[in-house]
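First up is the structure itself, then whatever we jot down about it.
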Amino acid sequence: VRIALFVTCVNDTLFPATGRAVVTLLERLGHTVDFPAEQTCCGQMHVNAGYPREALPLLRRFVRVFGAAEVIVTPSASCAGMVREGYPRLAARHGDVALARAVAEIAPRVLELSELLVRRLGLEDVGACYPHRVTYHPTCHSLRVLKVGDAPLRLLRHVRGLELVELRGADECCGFGGTFAVKNAETSAAMLDDKVRCLLDTGARTCIAADNSCLMHIGGALRRRGELVRTLHLAEVLATTEGSGAA
Amino acid sequence: VREKARHPLPTFQDGAKIALADGQLRRNLARATEHIRQRRAAMVGELPDWEALRDAGSALKDRVLRHLDAHLVELEAAVTRAGGQVHWARDAGEANAVIVGLVGAHGAREVVKVKSITTDETRLNEALAAAGVTAIETDLAELIIQLAGERSSHILVPAIHKNRTEIRDLFRRALSLPDLSDDPRDLAEAARIHLRRKFLAARVGISGANFAVCETGAVCVVESEGNGRMCTTLPDVLITLMGIEKLVPQWGDLEVFLQLLPRSSTGERMNPYTSLWTGVRAGDGPREFHLVLLDNGRTRALGDEVGRPALRCIRCSACLNVCPVYSRTGGHAYGSVYPGPIGAILTPQLVGIDQAPSLPYASTLCGACYDVCPVKIDIPDILVHLRARETESRRMRPVGAGLERPTMKFLARIFASRRRFEFAQRMAATLRWRPLRHGLMVLPGPLQRWTAARELPEIPRRSFRQWWKGRG
C-alpha cells in the first residue's frame, strides 16, 4: 500500500526518531511511504486553546497537502483525533460546505499507526524484537477519541523478548492536556506525579505510548527526578528488530 | 453559580492551589472518587443495553430542549390542574423573593430542605436568613456542610472532602454530643435524632427536583436516605425550586432516566427512595404545593447551539468521579455549586463567560467525562467551544488581553508556510534552548510553569524532514 506519512510538527521537530521508525517499519513490511513536504501542523493546539479561527488555514492546508493520498498514517493519536473528529466539526461550524465535504472525504483515511497496522493491514506481528521489560500508557486521545482499543497492546504482545507489565491506573490522563500543563501547572503536576508513581511501581525500563506529546510530559518528569526509566514511542519499539539495536 | 456578581468568580487556578496543598483533602477525594467509580462501572457493566439507554436519554432531553417553550406551558397547565401553583423566576433574585414571600405568608420561622443544589445556585438560604427564617438542610451530607459552615464540593456527595473523623468532631461540637464515636451508624443516628425533631415541627418544606413530567404535572425526587420523602410529605406547604430544563415530556420517559441516574450517580441499580407527587390531594401530604421554575441563565445556554447539550445534565455527577482534575482539586476550586467537568461547561454558560473565564480551561480534554455521561454530553467539545468564546471575549477588551493571542497568531503564521516552518525548525535546532540555559533570555512564563515539574525536551540537531531529504 502507498502510505502518506503525516509526521506532525512535534515529531518532525522534537522526535524525528519516531518518524524515521515509522518509515523503517512500513518499508520493512513492504509498503511505500510518501512524505509530502508541504505538511506542517494540524492546528490541534490552536483549536484546543480556543483559537479555531487561526486553525482554519491549517485545516485547509492539510486537505490540500493530503487530499490525494489513499492512506494517511500518523504516529500521533491526538493529531489523528484532531483530523478525524475535530476537522469535521470545525468545518461545519465555520459554515464552509465545500470544506466540510472535503474534510469528510479525507478524515476516514487518516489512521494512527496502530490502527493502520492492526485494523487496516491486519497485522499484529510486525517482526519486531525488543527484549526489555516495558509498560504501556494508553493516551487519552488514542483511547477515547480514536478508540484504538487494544490494537497497540496486540502489537506489543507480538514483539519478541518484550515483557509487558500492566500499568496501574493506565487509562487515567497523565496531566499534559496541551496548554493545560502550563495554564494549570500545579494540577497538571499533581496528575503527573501519580502517573510517574504508577509507572515506577511497574519496575519497567521503558514507558511506551502512541503520542510523543504525552511522553514528553511524562519523560520530562522522569528526567527531572533522575529516574532511569525512559519513554519511547510505539513506532520505535515496532521498528526495532534483532540486530538493529535499540531504536 | 453565584448571582450576577460585579467581579468574576475566583479563578480555578487559585482554588486548585489551595486544594492541592491539602494532603488530607487529596487522600479523602482519591479514596471516595475511586470507590464510586468502581461501583458505577460494575452497575453499568451489567446492563447490555446501556448504550441504547444513553442514546434514548440524550434524544429525550434534546427533544425537550428543542420545544422547551411549549413543554413548560404544558407543565404549568398540568400542575395547576392538579391543584399546585406555578411561579416563574427569571433569575436567582426573583426565585428567592417568591420563596421568601411564600414562607413569610405562612409565618414559618424554620423550613426543612432537601435536594438543595438549585437553591444553592440562587443562594436561597442567605435570602431566607435575611428574612429571619432558618433553613435546615436534611440530606445528611448537606447537613454536615451546613453545620460546618462550608460549601458543597460534590453534586451527589457534598461532603466528599470530609472523612468520618472530621464529621465526628463536627457533630460533637455542633450537636453537643461530646461522646459521639466515628462509627458511621452512630453518626447517622445522631443526625437522625436531630433531624426527626425538625421534620415534625416544620410547616414548610423546600425541595429541588430531579424531573417533572409535562403530561401529568408530576414532580420527582430521587434520594437515598428518606429524608427527602419526609421533607416533601410532612410539612403543610411544599415549595419546589426547579430549573426549567428538568422536564420530561411523558410519564413513560421516566423509565429511561430512573435507570440512567442511580447507576451513574451512586452506582446502584435503583435508588432507595423515589418520591413522585402531582399537585395536592386532600388528606394526603402537603395541602399547598408551589413549583418555582427558574431560568437564571438557562435560556442563554439554550441559545448556544454548541453549548446547549449542557442542559441535558441530570446531575448524576459521574463526570466528577472520573475526572482526573476534579479528583485532585475537589469541588471548591471550581468556585460554583456545579463543580467538575459539567460545572466547567455549565457555570460559564449560566453566569456568562466573562464571569468564569478560567473554568473552560480546567480540563486536559481527556474525555473520561464524555465516556460516562448518561445523556452523552460531549463535554470536551463544549469546553473547546467555550475556550473559543473566552478568547473572543478577551479580544474585545482593549487591555489585559495578554500575550497569548499574539503568540498564537505568530505560531499560526509559521505553520501556514513550509518555508517559515522549516526556518523555525532550524532556529530551534541551532539554539537548542541555549539562550535560556545560559541566562541570555529569561524563561517566559509558560515555560517556567513547565519546568517547575519537568525538564524541557531535548531538541535534536536534525529534524525528520532533513533526514527524509537526506535519503534522496
Side-chain angles (χ1 to χ4, degrees), chain A residues 7 9 11-20 23 35 37-41 43 45-55 57-58 61 89 93 140-141 143-145 171-173 175-193 216-217 219-221 223-224, chain B residues 12-13 16-17 20 26 306 324-325 328-329 360-368 370-371 381 384-392 404-405 408-409 411-412 414-418 421 424-425 428-429 445-447 449-450 452-460 462-469:
Chain A
V7 75
C9 61
N11 288 326
D12 191 353
T13 313
L14 296 176
F15 303 97
T18 298
R20 295 199 299 268
V23 175
F35 178 74
E38 285 296 315
Q39 63 178 285
T40 57
C41 164
M45 180 185 70
H46 284 91
V47 172
N48 287 352
Y51 297 88
R53 238 193 278 185
E54 282 70 18
L58 300 177
R61 183 182 188 84
R89 270 183 205 144
R93 282 172 200 167
C140 299
H141 290 179
L143 211 57
R144 288 180 282 265
V145 176
D171 58 1
E172 191 167 280
C173 179
F176 174 58
T179 55
F180 179 85
V182 291
K183 283 198 175 180
N184 284 285
E186 291 83 3
T187 310
S188 169
M191 291 160 69
L192 180 57
D193 207 43
M216 175 175 79
H217 189 236
R223 281 191 290 130
R224 167 60 53 87
Chain B
F12 178 81
Q13 286 84 344
K17 262 178 233 169
L20 289 167
R26 275 178 72 183
V306 181
V325 173
R328 305 275 177 334
T329 66
Y361 300 95
S363 165
T364 62
L365 307 178
C366 85
Y370 181 29
D371 268 12
D381 181 40
V384 166
H385 167 70
L386 292 175
R387 289 176 186 186
R389 277 184 46 194
E390 196 277 323
T391 63
E392 280 299 309
E404 190 184 276
R405 176 169 289 271
M408 287 291 178
K409 283 214 178 283
L411 289 173
I414 288 179
F415 290 135
S417 134
R418 171 182 170 186
F421 177 59
Q425 277 188 324
L447 284 183
R449 289 192 288 277
W450 175 274
R454 329 147 181 90
E455 294 294 313
L456 291 167
E458 296 288 335
I459 300 180
R462 214 154 65 128
S463 67
F464 171 80
R465 64 180 60 222
Q466 282 173 317
W467 171 81
W468 178 270
K469 215 187 274 172

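Computation of the quantities below employed the complete heavy-atom set of this structure, encompassing side-chain atoms and omitting hydrogens, waters and symmetry-equivalent molecules. First the proteins, then the strands, lettered A, B, ... as listed; each starts at 1.
- For chain A, no part of Arg389(B) is nearby; none of its heavy atoms comes within less than 4.5 Å.
- Interface residue Val47(A): backbone and side-chain heavy atoms are both found under 4.5 Å from chain B.
- One finds the CH2 atom of Trp450(B) at 4.0 Å from the CE atom of Met216(A) (value rounded to the nearest 0.5 Å).
- Considering all non-hydrogen atoms of both residues, Arg465(B) and Gln39(A) come closest at NH2-O, 2.7 Å.
- When heavy atoms are compared at a cutoff of 4.5 Å, Ala452(B) approaches chain A solely by way of its backbone atoms N, CA, C and O.
- Nearest heavy-atom pair across Phe180(A) and Ala362(B) is CE1-C, 4.0 Å.
- Here the CZ-CZ distance, from Arg462(B) to Arg20(A), works out to 7.0 Å after rounding to the nearest 0.5 Å.
- Shortest non-hydrogen contact noted between His141(A) and Leu365(B) is NE2-O, 3.1 Å.
- In terms of heavy-atom pairs under 4.5 angstrom with chain B, the leader among Gly43(A), Ala221(A), Pro57(A) is Ala221(A).
- Only one option out of Arg328(B), Arg454(B), Arg449(B) pairs with Ser188(A) in a side chain to side chain donor-acceptor pair (under 3.5 Å); it is Arg454(B).
- Between chain B and the residues Arg89(A), Met45(A), Glu54(A), the most heavy-atom pairs under 4.5 angstrom are made by Arg89(A).
- For the residue pair Thr364(B) and Cys173(A), the shortest heavy atom distance occurs at OG1-SG, 3.2 Å.
- Proximity to chain B involves both the backbone and the side chain of Leu14(A), based on heavy atoms less than 4.5 angstrom apart.
- Neither the backbone nor the side chain of Val145(A) comes within contact range of chain B, judged by heavy atoms closer than 4.5 Å.
- Ala55(A) does not touch chain B: none of its heavy atoms, backbone or side chain, sits under 4.5 Å away.
- Between the side chain of Gln13(B) and the main chain of Lys183(A), a donor-acceptor pair closer than 3.5 Å is present.
- In this structure, the separation between CZ on Arg61(A) and CZ on Phe421(B) is 9.5 Å, given to the nearest 0.5 Å.
- Taking the six-membered ring where tryptophan is involved, the planes of Trp468(B) and Phe35(A) are tilted, since the angle between them lies from 30° to 60°.
- Taking Ala37(A), Gly219(A), Gly177(A), Ala181(A) one by one and counting their heavy-atom pairs under 4.5 Å with chain B, the maximum is reached by Ala37(A).
- Counting only N and O atoms by type, the side chains of Arg387(B) and Thr179(A) include no donor and acceptor under 3.5 Å apart.
- At distances below 3.5 Å, not a single donor-acceptor pair connects side-chain atoms of Arg53(A) with backbone N or O atoms of Ala388(B).
- Rounded to the nearest 0.5 angstrom, Asn184(A) CG and Thr329(B) OG1 are separated by 9.0 Å.
- Lys409(B) contributes atom NZ, which lies 9.0 Å from atom OH of Tyr51(A) (distance to the nearest 0.5 angstrom).
- Nearest heavy atom pair, residue Pro324(B) against residue Glu172(A), reads CB-CG, 3.9 Å.
- There is no contact between Leu386(B) and chain A, counting heavy-atom distances below 4.5 Å.
- Closest non-hydrogen pair, Cys9(A) versus Phe415(B), comes out as CB-CE2, 3.9 Å.
- Contact of Leu20(B) with chain A is made through the side chain alone, with heavy-atom distances under 4.5 Å.
- Put simply, of Thr391(B), Val325(B), Asp371(B), the one with the most heavy-atom pairs under 4.5 Å next to chain A is Thr391(B).
- With a threshold of 4.5 angstrom between heavy atoms, Glu458(B) approaches chain A through its backbone and through its side chain.
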